[in-house]
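Before any comments, here is the structure.
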Amino acid sequence: MQADSEQTLIYPFKELHSGDVALVGGKNANLGEMLSQLSQSGIRVPDGFATSAQLYRDYLKQNELDSPIATILHAMDDGELTLAQAGQEIRQLIENGYFTQAQESLILDAYHKLGEKIGVDFAAVAVRSSATAEDLPEASFAGQQESYLNISGDEQVLDACKQCFASLYTDRAIVYRQEQGFEHQQVALSIGVQQMIESECAGVMFSLDTENGFPDVVMINGSWGLGETIVKGSVTPDRFMVYKPLLEQKNKRPIIEKQLGNKLEKMLFSQPGSSDHPTVTLPTSNDERKQLVLSDDEVLQLSRWAVIIEQHYGCAMDMEWAKDSHTQQLFLVQARPETVESHRDSALLVNYQLDKTSAPVLLEGASVGGAIAIAKTHTVLSPDDIDSFPDGAILVTERTDPDWVPLMRKAAGIITDSGGPTSHAAIVSRELKVPAIVGTEHATQILPSGKTVTLCCAQGATGRVYDGEVNYSTQEIDLKALPATKTNIMINAAMPDGIFHWWQLPTSGIGLTRIEFIISSQIGLHPMALLHPEQVTDPGVEQAIRTRCEGFPTMADFFVDNLALGVSKIAASQYPKPVIVRMSDFKSNEYRGLLGGEFFELHEENPMLGLRGASRYYHPHYREAFQLECKAILKAREEIGFDNIIVMIPFCRTVSEADKVLEVMAEAGLKRGDNGLEVYVMCEIPSNVILADRFAERFDGFSIGSNDLTQLVLGIDRDSAELKPMFDARDDAVKSLIEQVIRVAHQKGCKVGICGQAPSDHPEFAEFLVDCGIDSISLNPDSFAKGCAVVAKAEQALAKANKI
């Protein structure tokens, strides 16, 4: 909106729009935009009003502060005053100023009208700073100025307004403006006075994945009480992720991640007369720590709001939400453009790869930044100790807030005790491009200053601190330079964590994801122990299993839900392209390693050729557990919505075994052909090739497992060091079977792919596969660029020879 006159000093939010940044700052302009433009979409925003930037300029003028502020800033630039001294002197000058009677009347009249609208005398409000160079798409000043919560009464409101004005000159705000090239005295400040939501829970929300820029998800963090605990990093919040493209599909609930945070404390309103402070921070109860703060319906509602807001603004958004403890209604209390991942170079993919190591893992936490840093640690418990922090050290601290930014700029990496992926430490680390691991719980206790460590954020959502120096490599993939191929190039996926790192690769889908990796890392329990806990005779093990499954209707639900979420997250990275999910292929000795596994697994002399793969699925020892796997896939496909999932059966020895497995799957609701379900079989046993025509009648495709096929064709243990030189998928006997299965499968209308390193490691093997007409080659993601080049070259060579 345009000001009616130079004297217009107060604007109701509903009269403001996103173009009014110069008038009321970015935060208030965006609040007005949502209230005026998006309320009809069902989005609830607490009402309020903004003071104009002109009021700030008038305040400085009437208190004759412009010249003294300029003098102090010059003294700081000349080195006569430190940053801290200059900031303190300016803030003191502003706080000691006065409002004119007319200004006080305007502010308080608007405050009283807001109370009347809410129906409360002296309503509790949030008094927030909104700078005129804030929340722009190219620069975020979020957190640089102060907000004051649970402010009530005329005197408190006026005092909070002065403190907001003064916070334009916090140390961090001064430094940020300098680095962004803004003249200090050209930036003005508006105040937003907004109805305060007494939050049962609150948090932050992004319309993309903040770690890698994947644009198709909404990421939500939440904790009990007011949202300040998340931003300040004093808690590790609950984390939710939702896949946006499926949100509007009928009867789909595309939540792909639900992660319980510790939520050790909560910030609440102080009771009247009980404290000098408007808020109080208390420990949470055990029940609160074990319970997610949002229901699935609430997660989906917030996600739909995020999509509406993102579409309205035309860019990725960073939002804050709250749930009213009285009405149980959700509100959005802030929105601003996301300014880090949405501005990343989309043509260059940088991949850090840690070498294999036996170095001990000292700590784990949430990974931020995707990079690796090696340096000596230095513990700092106060930002006042910035001068003692050596440049290029790894900062170890309890948590950070905006006062820490000057120190964080000097660090090679950051490790905190508390906080989550949207805490202050995480947000600033991303912006500074400094890797960080947050929420380790014990870093300040475990890591002494001066200890050399390797901080690794390149292994997915979990960051790890390794003892000592571990070598690593860096790979830069120019996505524009990748050659096109006629053969479909897919990738292998092991874990849901980190899968979105590869979303920019121009793949044809995922050719292999192994659910045993999800079972071992995210579930960790033997599925039969969940179905028959009475057979777990060790009370300690039984209690550990029950504790892990707390919060779920049954222990079986724990397995199904977690497996479904893990598979869905992998499927989301490629939707709607095909994602081939191989059912579990643990050997009996590997199953024994799961909690409770010792009570259900046989001792086998040769597990590699024992009860594994398809033979388990109908066996009395495992049939019920396999049906849990089927239910998880069914949930991922039909309830969550990823119908791009293709099921693959490993180590299927005979045709009759294939029939038994398909029958067990159908009993669990996973029937081939229903809702477009395709079922593939691994081709890794000579019998799969010899009877390929009959297997093709039961399956929709084959995936060649070259390692097991080579092992069984040549009679060589794949793990034998002595026979390693003979173990080669390029052997004529192995190639003969591969050529045969491709030919027969194509005659029967089945697709054939291969998953493994051989095609990227050996150009002549890739040329052989292309010559055979293989449909797809699936590679590890870090081999994708090399594999594309090798396959493209093979196709060119064959084209020259007029073979394709």
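Keep in mind that the numbers below use all heavy atoms, side chains included, and drop hydrogens, waters and symmetry copies. Just so we're clear, the structure is a prediction, and the values are computed from it rather than from any experiment.
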Quick one about [Y] and [X] (side-chain donor to acceptor, distance below 3.5 Å, no hydrogens or angles considered), yes or no?
X    : Y    : value
E200 : Q328 : yes
S18  : N30  : no
H424 : T400 : yes
E265 : S234 : yes
S167 : S129 : yes
H112 : D121 : no

Please list all pairs meeting side-chain hydrogen bond (donor to acceptor under 3.5 Å, both in side chains) that have one or both residues in residues 212-224, counting only residues at least two apart or in different chains.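 Output for this query lists D209-N212, N221-T422.
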Should the heavy atoms of other residues, nucleotides or ligands under 6.0 Å from CD of E155 be counted, would the total exceed 12?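 No, not enclosed.
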Are more than 12 heavy atoms from other residues, nucleotides or ligands located less than 6.0 Å from atom CD of Q101?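 No, not enclosed.
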List the steps and the verdict of side chain to side chain contact (heavy atoms under 4.5 Å, CB included) for E310 and L208. CA-CA 10 Å; E310 181 181 59; L208 50 55; 5.5 Å; no
Any side-chain heavy-atom pair of [X] and [Y] under 4.5 Å:
X    : Y    : answer
T416 : I414 : yes
W404 : L395 : yes
V157 : D154 : no
P278 : F269 : no
K263 : Q291 : no
K244 : V218 : yes
P283 : R289 : yes
M219 : M205 : no

Which donor-acceptor pairs under 3.5 Å do side chains of residues 83-91 form with protein atoms, sequence neighbours excluded?
| residue | atom | partner | partner atom | Å |
| --- | --- | --- | --- | --- |
| Q85 | OE1 | T82 | N | 2.9 |
| Q85 | OE1 | T82 | OG1 | 3.4 |
| Q88 | OE1 | R91 | NH2 | 3.3 |
| Q88 | NE2 | Q92 | OE1 | 3.4 |
| R91 | NH1 | G87 | O | 3.4 |
| R91 | NH1 | Y169 | O | 2.9 |

Using the side chain to side chain donor-acceptor pair (under 3.5 Å) criterion, which residues pair with [X]? Sequence neighbours excluded.
X    : answer
R239 : E257
S285 : E288
Q62  : Q103

Checking [X] now: which residues fulfil salt bridge (Lys or Arg N to Asp or Glu O under 4.0 Å) with it, not counting sequence neighbours?
X    : answer
D78  : none
E228 : none
E64  : none
D159 : none

For the pair [X] (side chain) and [Y] (backbone), establish whether a donor and an acceptor sit closer than 3.5 Å, ignoring hydrogens and angles.
X    : Y    : value
S190 : T51  : yes
E211 : G369 : yes
S367 : A461 : no
S52  : V24  : no
N96  : L93  : no
Q194 : P46  : yes
K162 : A160 : no
S199 : I197 : yes
T397 : L381 : no
N63  : I94  : no

For the pair [X] and [Y], find out whether any cationic side-chain nitrogen is under 4.0 Å from an anionic carboxylate oxygen.
X    : Y    : result
K258 : D296 : yes
K14  : D47  : no
E183 : R177 : no

For the [atom1] atom of [X] and the [atom2] atom of [Y], what is their distance to the nearest 0.5 Å?
X    : Y    : atom1 : atom2 : result
T279 : L268 : OG1   : CG    : 9.0 Å
F13  : N28  : CZ    : CG    : 5.0 Å
L264 : E441 : CG    : CD    : 7.0 Å
Q195 : I118 : CD    : CD1   : 4.0 Å
R409 : L407 : CZ    : CG    : 11.0 Å

Any residue meeting side chain to side chain contact (heavy atoms under 4.5 Å, CB included) with R57, in chain and number order, not counting sequence neighbours: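 With sequence neighbours excluded, R57 shows a side chain to side chain contact (heavy atoms under 4.5 Å, CB included) to A53, Q54, A188, given in chain and number order.
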Locate the shortest heavy-atom distance separating [X] from [Y]; write the atom from each residue and the value.
X    : Y    : value
Y111 : V125 : CE1-CG1, 3.9 Å
E15  : D20  : O-OD2, 4.4 Å
S423 : G233 : CB-CA, 3.6 Å

Below 30° counts as parallel, above 60° as perpendicular, anything between as tilted: where do the rings of F165 and Y59 land?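 Judged by the thresholds at 30° and 60°, the geometry between F165 and Y59 is tilted.
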Side chain to side chain contact (heavy atoms under 4.5 Å, CB included) for L55 and I107? Distances and angles first, verdict last. CA-CA 10 Å; L55 177 62; I107 294 170; 4.1 Å; yes
Qualifying ring pair (Phe, Tyr, Trp, His ring centres under 6.0 Å) pairs, either residue in residues 63-88, two or more places apart: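 Qualifying pairs: none.
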Enumerate the ring pair (Phe, Tyr, Trp, His ring centres under 6.0 Å) contacts for residues 311-334, please, sequence neighbours excluded, ordered by first and then second residue.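 Ring pair (Phe, Tyr, Trp, His ring centres under 6.0 Å) check on residues 311-334 returns no pairs.
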Assess the residue pair Q334 and K27 against the criterion (side chain to side chain contact (heavy atoms under 4.5 Å, CB included)); give the C-alpha distance rounded to whole Å, side-chain angles, the decisive distance to 0.1 Å, and a yes or no. CA-CA 7 Å; Q334 285 193 52; K27 186 177 299 177; 3.3 Å; yes
Start with the C-alpha gap between C164 and L189, add the side-chain angles, then the distance that decides, and say whether side chain to side chain contact (heavy atoms under 4.5 Å, CB included) holds. CA-CA 8 Å; C164 282; L189 191 130; 4.2 Å; yes
